[in-house]
Protein chains: 2
Amino acid sequence: METQIDNLLKRNQLSVTGSRKKILELFLASRGALAHGDIEKKTGEKFDRVTVYRTLQVFLEKGIIHTIPTADNSIRYALCKDECSEGHHHDNHVHFICTTCGNTTCLADVTIPEVKLPVGFKATEFQMLVNGVCMECQ
Amino acid sequence: METQIDNLLKRNQLSVTGSRKKILELFLASRGALAHGDIEKKTGEKFDRVTVYRTLQVFLEKGIIHTIPTADNSIRYALCKDECSEGHHHDNHVHFICTTCGNTTCLADVTIPEVKLPVGFKATEFQMLVNGVCMECQ
DNA sequence: AAATTATTTGCAACAAAGTTGCATAGTTGC
DNA sequence: GCAACTATGCAACTTTGTTGCAAATAATTT
């Protein structure tokens, strides 16, 4: 039987291994975004730290996940939607970072509004971060 | 004679010391934003690493500088405009990160547009990052 | 202007985060 | 199932960030 996860890996020309499956599971399970540390903790002692680093790197390159910068120097990662392909992302939604629980949520329905840049600047990617209190923490 | 820098420090109830003056000079000299590493390099061997960390922290608390999150895990710092005061920032402008030269620029004239959040989310702060090619690198 | 007080700095030691090379183990294609 | 390839784990290391404390420097008082 082919799982959804196996498929995702194969579609991206990646060999199907325990760590990759486990880490993808984590992303699917948690609705929000994960920092490297979260992943290390949640995978327990199952995998080496180095493996987590390398797995995230590969996922990034393949466009399976994208990064969300944060002000506290801990990059978060989140699953890309299906439209994302290698080298070309379409995660043009707003990211919400809860100051209470610390979770990062992709607000998939909130599109980043257009901005007009000064002459001479050419944009390739837009990111929008919102800090505040999320639904669960009100 | 009282320099602009001395004034800025005194206005924020900070003692005027060599490292603080030097680091502020750096910020004034470079139009863009600086990462911790940049500052360490540019101050040469003049100051201890720890001093740079602590100085930046103090400047942050006093609202002299603000942070700009980036996707490569290197927080950048930039001078706040005068309206910023302790605990209350007004840096509601867009930040531009050039993928060619790596510089981060505050687009002071480009205000972050409003977005409507889903019900249940309460925002306290907005950040907008734009990646692309800057004026100098075209 | 000297002395006292308060603050800042540098050092050392440490903790955490991230990287690299290489042998071993696991996966894929045939 | 075997050969070729790829991923993993380990060890060693580099880089980044933190903390406590004594010495140095700046501000304040008289």
Side-chain angles (χ1 to χ4, degrees), chain A residues 1-3 5-26 33-62 64-65 67-77 86 102, chain B residues 1-3 5-26 33-62 64-65 67-77 86 102:
Chain A
M1 170 217 155
E2 287 261 300
T3 70
I5 288 175
D6 288 21
N7 255 314
L8 181 55
L9 287 171
K10 287 192 183 153
R11 212 173 33 235
N12 287 281
Q13 297 122 44
L14 293 174
S15 20
V16 179
T17 68
S19 54
R20 287 177 182 165
K21 285 206 278 189
K22 184 72 194 167
I23 292 179
L24 277 185
E25 267 175 43
L26 268 186
L34 298 171
H36 176 96
D38 299 331
I39 296 168
E40 243 182 78
K41 267 173 231 142
K42 290 191 186 171
T43 51
E45 274 119 59
K46 238 171 147 348
F47 305 110
D48 196 76
R49 228 155 43 84
V50 180
T51 301
V52 178
Y53 280 111
R54 292 200 265 227
T55 305
L56 289 176
Q57 233 170 275
V58 170
F59 285 178
L60 265 184
E61 280 163 19
K62 293 294 184 178
I64 298 174
I65 57 177
T67 58
I68 306 166
T70 59
D72 69 332
N73 229 352
S74 71
I75 293 184
R76 316 219 151 216
Y77 303 89
E86 189 157 357
Chain B
M1 171 217 155
E2 286 261 300
T3 70
I5 288 175
D6 288 21
N7 255 313
L8 182 55
L9 286 170
K10 286 191 182 153
R11 210 171 38 232
N12 287 281
Q13 298 120 44
L14 292 174
S15 19
V16 179
T17 67
S19 54
R20 287 178 183 165
K21 285 206 278 187
K22 183 72 193 170
I23 291 180
L24 277 186
E25 268 176 43
L26 268 186
L34 298 171
H36 176 97
D38 299 332
I39 296 168
E40 242 182 79
K41 266 173 230 145
K42 289 191 186 171
T43 52
E45 274 119 61
K46 238 170 148 347
F47 305 109
D48 196 75
R49 227 155 44 85
V50 180
T51 301
V52 178
Y53 279 111
R54 292 200 266 227
T55 304
L56 289 176
Q57 233 169 275
V58 170
F59 285 178
L60 265 183
E61 281 162 19
K62 293 293 184 180
I64 299 174
I65 57 176
T67 58
I68 307 165
T70 59
D72 69 333
N73 229 353
S74 72
I75 294 184
R76 317 220 150 215
Y77 303 88
E86 189 157 355

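All values derive from a computational prediction rather than experimental measurement. So you know, we letter chains A, B, ... as the sequences are listed, proteins then strands, and number each from 1.
Residues meeting the side chain to side chain donor-acceptor pair (under 3.5 Å) test with B:Asp72, sequence neighbours left out: B:Thr70, B:Ser74.
Counting atom types as modelled, A:Arg49 pairs no side-chain N or O with a base atom of D:dG9 as donor and acceptor under 3.5 Å. The base of D:dG17 has none of its N or O atoms less than 3.5 Å from a complementary donor or acceptor on the side chain of B:Arg54.
Taking side-chain N and O atoms only, B:Ser15 has no distance below 4.0 Å to OP1 or OP2 of C:dT7. The phosphate of D:dT6 has neither OP1 nor OP2 within less than 4.0 Å of any side-chain N or O from A:Thr17.
Look at NZ on B:Lys21: it is 16 Å from C1' on C:dT7, rounded to the nearest Å. One atom, NZ of A:Lys10, and another, P of D:dA7, lie 15 Å apart when rounded to the nearest Å. Distance B:Lys62 NZ to C:dT7 P: 11 Å, rounded to the nearest Å. Per the geometry, CG belonging to A:Asp6 stands 14 Å off C1' belonging to C:dT28, to the nearest Å. In this structure, CG of B:Leu9 is placed 9 Å from P of D:dA27, rounded to the nearest angstrom. Rounded to whole angstrom, the span from the CZ atom of A:Phe47 across to the C1' atom of C:dA25 amounts to 14 Å. If you take CG of B:Asn12 and C1' of C:dT7, they are 16 Å apart, rounded to a whole angstrom. Atom C1' of nucleotide C:dG29 and atom CG of A:Leu14 are separated by 16 Å, given to the nearest angstrom.
In this structure, the separation between CD1 on B:Ile64 and CG on B:Leu8 is 5.0 Å, given to the nearest 0.5 Å.
Contact detail for A:Ala33 and A:Ile68: the closest heavy-atom pair is CB-CD1, 3.7 Å.
The residue among B:Gly18 and B:Tyr53 whose nearest nucleotide of DNA chain D lies closer to the 5′ end is B:Tyr53.
Among the nucleotides C:dG10, C:dT9, C:dT20, the one closest to the side chain of B:Asp48 is C:dG10. Among the nucleotides D:dT6, D:dT8, C:dG18, the one closest to any side-chain atom of A:Ser19 is D:dT8. Distance from the side chain of A:Val16 is smallest for C:dT28 among the nucleotides D:dT18, D:dA7, C:dT28.
Among residue pairs with one or both ends in residues 33-43 of chain B, those qualifying as salt bridge (charged side-chain N to carboxylate O under 4.0 Å, His left out) are B:Asp38-B:Arg76; sequence neighbours excluded.
At a cut-off of 3.5 Å, with distance as the only test, no side-chain donor of B:Thr51 or B:Asp48 sits close to an acceptor on the other residue.
Note on A:Val58: nothing from the nucleic acid sits closer than 4.0 angstrom, heavy atoms only.
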